[in-house]
Every structure is written in structure tokens, then in C-alpha cells.
Colleague: 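Would you mind keeping the following structure in view while I ask a few things?
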Amino acid sequence: MAILFSSKGDDAERWRNALAAEIPDLNFRIWTPDGATIGDPAAIEFGLAWGPKKGAFKDLPNLKAIFSLGAGVDHLIDRDLPPGVPVVRLVDPGLTRGIREYVLYWTIHYHRRFAEYADSSAAGKWQQLPQADTRRRRVGIMGLGILGADAAAHLRALEFDVAGWSRSAKTLDGVESFHGADGLAAFLARTEILVCLLPLTPETAGIINADTLSQLPKGAFVINAARGPHVVDTDLIQALDSGHLKAATLDVFHTEPLPADHPFWPHPKINMTPHAASLTTPETAALAVADNIRRIRAGDAPAPIVDPDTGY
Ligand code: NDP
Ligand code: OXD
């Protein structure tokens, strides 16, 4: 039994070791363009991938599942994956914790006006600002799945006024739920700090645009920790430059690494991180992958499987 690894950026040796610790009899093979390292294609039952080369998982007659190395699966689009083989998303408490920290950090940063304190400090100015109250700060999370629901629960623990927007209606303790196209306007109108944790699909691409940004109250903040193409870059810059938005935090971009001449780099109201809101850690993520391999071996379905119709 073997697993075939194909990723641009992930550390193959760490994955090999982490999986070996869980499933010692799992052969770990690394994809190369000439196919030389694959060995017997019939022995490969699993794929493990982030942005694999097109066709890397073709012609493997016993392939049972392809595991995404991330929570998102847009990196698997147009990769000529074999039809009918389930694609399994990564759900890893380590990944969830990272996003939680990122969302809490930036929400508190904006809520407590820490950038203004940093400016005062740099200018040698002693100036207190009015104390903000979390109970009166309206945070809105687009995407109430594994990551969005977790972030919402932890924001609630700090007593933020939290709402979420998803495809289907949700019942989450203390979180106001909006859903579907019909629920978007009301969700945006009440949201002072907008957090995007949506998957990238044809329906969600470009969702942070001039129209949706204009529906946020003046002085709002945007935190995008999902995918770059959720944002129409020029619309975001326009909303910041006009003063409608106060600031934005971006972790993800249309092109990564962000090109050196992109106008986001010098923008004074944009805070950026290099797709590092939460990094996949092999030592924790391998537990989830190994768990699913055991399920498949026992004749059960892995989870969560991507729905090809919705794309997430
Ligand atoms: P889930 O699939 O668990 O959740 C997705 C959520 O988005 C669900 O609530 C879903 O609604 C909602 N949604 C999907 N499509 C729509 C739509 N058209 N309209 C409204 N809501 C919609 O995903 P995760 O929480 O695990 O991950 C979310 C994303 O976070 C990933 O796809 C990835 O892109 C990004 N990510 C970024 C990282 C980073 O470091 N920057 C790290 C990890 C993930 P419903 O519940 O009704 O299905
Ligand atoms: C992910 C990511 O999808 O790292 O997990 O972006």
C-alpha cells in the first residue's frame, strides 16, 4: 500500500516521517515528472497533494482517495484528477487553531485601535483612546464551516457581537445566522469587521467587491484569510482610498507570492501576511490523514469529502 505525494511547497520528508509514525506499513512515494519514483502504479491507493502537477494522479488503477494538504481544495482545480475518486479536505485542529488566532488577533487589533497606539508611540505621544466594548463591536464572518464556526465561537467567548453568513442556515450559540444570496445585504449592513473564511468556488470568487464593500458601514474593516480571488483588488483599494473602509488585513492574494509591483505593498491601510494565517503542520495534519486511511481500510468513507457540485 502506498501514498503518492505531490506538492510545490510542503515538506515531503516531514510528511513521510509523520505518516510513518501513524501507519508504518504505508509506502511514501514522491511524484516526479518522469514517474521514475512512483514504482508500481497499482500499489498507490492514496494521493496527498497541494497544487499537484496536472495529471499526477492519473493512471493509478487502485487510487481510493486524494487528500488535500490544506482545508481549501481550489488548488486541485483543473489538475485532471481521476473522476469518481473522492477528494478529502484537511480538517486539522492545528490548522483551525492557527486561523482562530489570526482572526482574534486582527479583530482585536482593529477593535482596540492598536495601530493608532503604535503611531502615537512612534511619535512619542502619550494619548489614551476611548475604551472599546466587544459587546458593541459587530463582527461578521463569511463562511461558517469548520474554520468560521470555530472563529465565531472564540469571538463570542470575548463577547463580540458576532454574525455569520453561509449557504445554509446555521444554529450556533450566540451567533446571528444569515444565509444565501437573500441574507447577504442584511449581514453586510450590520458588519463592522468583515472576516472572510469562504472556500473559493465560482459562486464566491470576487465576492468582496465594490458593491458588497459599499454595503458595509462606513469605517468598516476587512480581514481576508480565505483566498485572494475572493477580493476584487481594485475595488478594495478604492474603498480604502475613499475612506469608506478604515483598513484591511490580507493573507491571501490572486498571485502568490504577491508581485513586487502590486499596489497592495505600499498601501498604508493594508496589513499583509504571506499566506500564513495558518500553516499546515505535518505532525498534526498527518493524524487526520492517517485517520481517514484507517477508515478507508475498514471499509468506511473518509470525511469530509468535497462535493463536486459545490466545489468545497
Ligand atoms: P468549510 O467547507 O468547512 O466551510 C465553508 C463555509 O463557507 C461553509 O459555512 C459554507 O456554507 C460557506 N459557503 C460556501 N459557499 C458559499 C456561498 N456560495 N455562499 C455562502 N456561504 C458559502 O471550509 P473551512 O472552514 O475548512 O475552510 C474555509 C476556507 O479557508 C478554505 O476553503 C480555505 O480557502 C481557507 N483557508 C485559508 C488558510 C490560510 O492560511 N489563509 C488556511 C486554511 C483554510 P454551508 O455551511 O452552508 O455549506
Ligand atoms: C488551506 C490553506 O487551505 O493553507 O489549508 O490555505
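As the structure lists them, so they are numbered: ligands from 1, and atoms in each ligand from 1. In this text, all values refer to a predicted model and were calculated from it rather than measured experimentally.
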Colleague: Considering both backbone and side-chain atoms of Asp74, is one of its nitrogen or oxygen atoms within less than 3.5 Å of a nitrogen or oxygen in ligand 1?
Modeller: no
Colleague: Using a strict cut-off of 4.0 Å, indicate which atoms of ligand 1 neighbour a heavy atom of Ser168.
Modeller: 45 (P), 46 (O), 47 (O)
Colleague: What protein heavy atom lies closest to atom 8 (C) of ligand 1? Include the residue and the distance to one decimal.
Modeller: Gly145 N, 3.6 Å
Colleague: Could you tell me whether the side chain of Ile38 reaches within less than 4.5 Å of the side chain of Ile44, counting heavy atoms only?
Modeller: yes
Colleague: Only one of Asn224, Leu245, Asn209 clears side chain to side chain contact (heavy atoms under 4.5 Å, CB included) with Leu236; which?
Modeller: Leu245
Colleague: How far is atom 11 (O) of ligand 1 from its nearest protein heavy atom, and which residue and atom is that?
Modeller: Arg167 N, 3.2 Å
Colleague: A quick test of your reading: do over 12 heavy atoms of other residues, nucleotides or ligands sit less than 6.0 Å from CG of Asp300?
Modeller: yes
Colleague: Ignoring hydrogens and geometry beyond distance, is a side-chain donor-acceptor pair present between Thr249 and Tyr110 at under 3.5 Å?
Modeller: yes
Colleague: Decide, yes or no, whether a salt bridge links Arg190 with Asp161 under the criterion of side-chain N to carboxylate O below 4.0 Å.
Modeller: yes
Colleague: Considering only the protein, which heavy-atom contact is closest to atom 19 (N) of ligand 1, and what is its distance?
Modeller: Trp165 CH2, 3.3 Å
Colleague: Applying a heavy-atom cut-off of 4.0 Å, say which part of Lys170 lies close to ligand 1: side chain, backbone, both or neither.
Modeller: side chain
Colleague: Can you list the atoms of ligand 1 that are under 4.0 Å from a heavy atom of Thr204?
Modeller: 15 (N), 16 (C), 17 (C), 18 (N)
Colleague: Taking only heavy atoms of Gly72 into account, list the atoms of ligand 1 that are under 4.0 Å away from them.
Modeller: 31 (C), 32 (O), 33 (C)
Colleague: What protein heavy atom is closest to atom 28 (C) of ligand 1, reported as residue, atom name and distance in Å?
Modeller: Leu197 O, 3.4 Å
Colleague: What are the atoms of ligand 1, with element, lying closer than 4.0 Å to any heavy atom of His275?
Modeller: 39 (C), 40 (O), 41 (N)
Colleague: Would Thr201 count as a contact of ligand 1 if the rule is a heavy atom under 4.0 Å away?
Modeller: no
Colleague: Between Leu144 and ligand 1, is there a nitrogen or oxygen pair with a distance under 3.5 Å?
Modeller: yes
Colleague: Give me the ring orientation class for Tyr105 and His109: parallel if the planes are under 30° apart, tilted from 30 to 60°, perpendicular past 60°.
Modeller: parallel
Colleague: Which one holds for Thr310 and ligand 1: side chain close, backbone close, both close, or neither close, with close meaning a heavy atom under 4.0 Å?
Modeller: neither
Colleague: What's the shortest distance from atom 48 (O) of ligand 1 to any protein heavy atom, and which residue and atom give it?
Modeller: Tyr312 OH, 2.5 Å
Colleague: Among pairs that include at least one residue of residues 136-152, which meet side-chain hydrogen bond (donor to acceptor under 3.5 Å, both in side chains), considering only residues two or more places apart or in two chains?
Modeller: Arg100-Asp150, His111-Arg137, Asp133-Arg136
Colleague: Say whether Leu95, considering both its backbone and side-chain N or O atoms, lies within less than 3.5 Å of an N or O atom on ligand 1.
Modeller: no
Colleague: In the protein, what heavy atom is nearest to atom 37 (C) of ligand 1, and what distance, to one decimal place, separates them?
Modeller: Ala225 O, 3.0 Å
Colleague: Numbering the atoms of ligand 1 from 1, which are under 4.0 Å from a heavy atom of Ala71?
Modeller: 26 (O), 43 (C), 44 (C)
Colleague: Which atoms of ligand 1 sit under 4.0 Å from any heavy atom of Val252?
Modeller: 41 (N)
Colleague: Do Trp106 and Ile193 come close enough that some side-chain heavy atom pair is under 4.5 Å?
Modeller: no
Colleague: Using a 3.5 Å cut-off on N/O to N/O, what pairs does ligand 2 make with the protein? A line per pair would be great.
Modeller:
| residue | atom | partner | partner atom | Å |
| --- | --- | --- | --- | --- |
| ligand 2 | 3 (O) | Ala71 | N | 3.2 |
| ligand 2 | 3 (O) | Gly72 | N | 2.7 |
| ligand 2 | 3 (O) | Arg227 | NH2 | 2.7 |
| ligand 2 | 5 (O) | Ala71 | N | 2.6 |
| ligand 2 | 6 (O) | Arg227 | NH1 | 2.8 |
| ligand 2 | 6 (O) | Arg227 | NH2 | 3.2 |
| ligand 2 | 6 (O) | His275 | NE2 | 2.6 |

Colleague: Give yes or no for whether the N/O distance cutoff of 3.5 Å, strictly under, is met between Arg89 and ligand 1.
Modeller: yes
Colleague: Checking Ser68 against His75: is there a side-chain donor and acceptor pair closer than 3.5 Å?
Modeller: yes
Colleague: Would one find more than 12 heavy atoms of other residues, nucleotides or ligands at under 6.0 Å from atom NZ of Lys269?
Modeller: yes
Colleague: Apply side-chain hydrogen bond (donor to acceptor under 3.5 Å, both in side chains) to the pair Tyr312 and Arg167, showing each step before the final yes or no.
Modeller: CA-CA 12 Å; Tyr312 71 96; Arg167 236 157 48 95; 2.7 Å; yes
Colleague: If you have a sec, work out which protein heavy atom is nearest atom 30 (O) of ligand 1 and how many Å separate them, to one decimal?
Modeller: Leu147 CD1, 3.7 Å
Colleague: Would you kindly specify which portion of Glu203 sits under 4.0 Å from ligand 1, judged on non-hydrogen atoms: side chain, backbone, both or neither?
Modeller: side chain
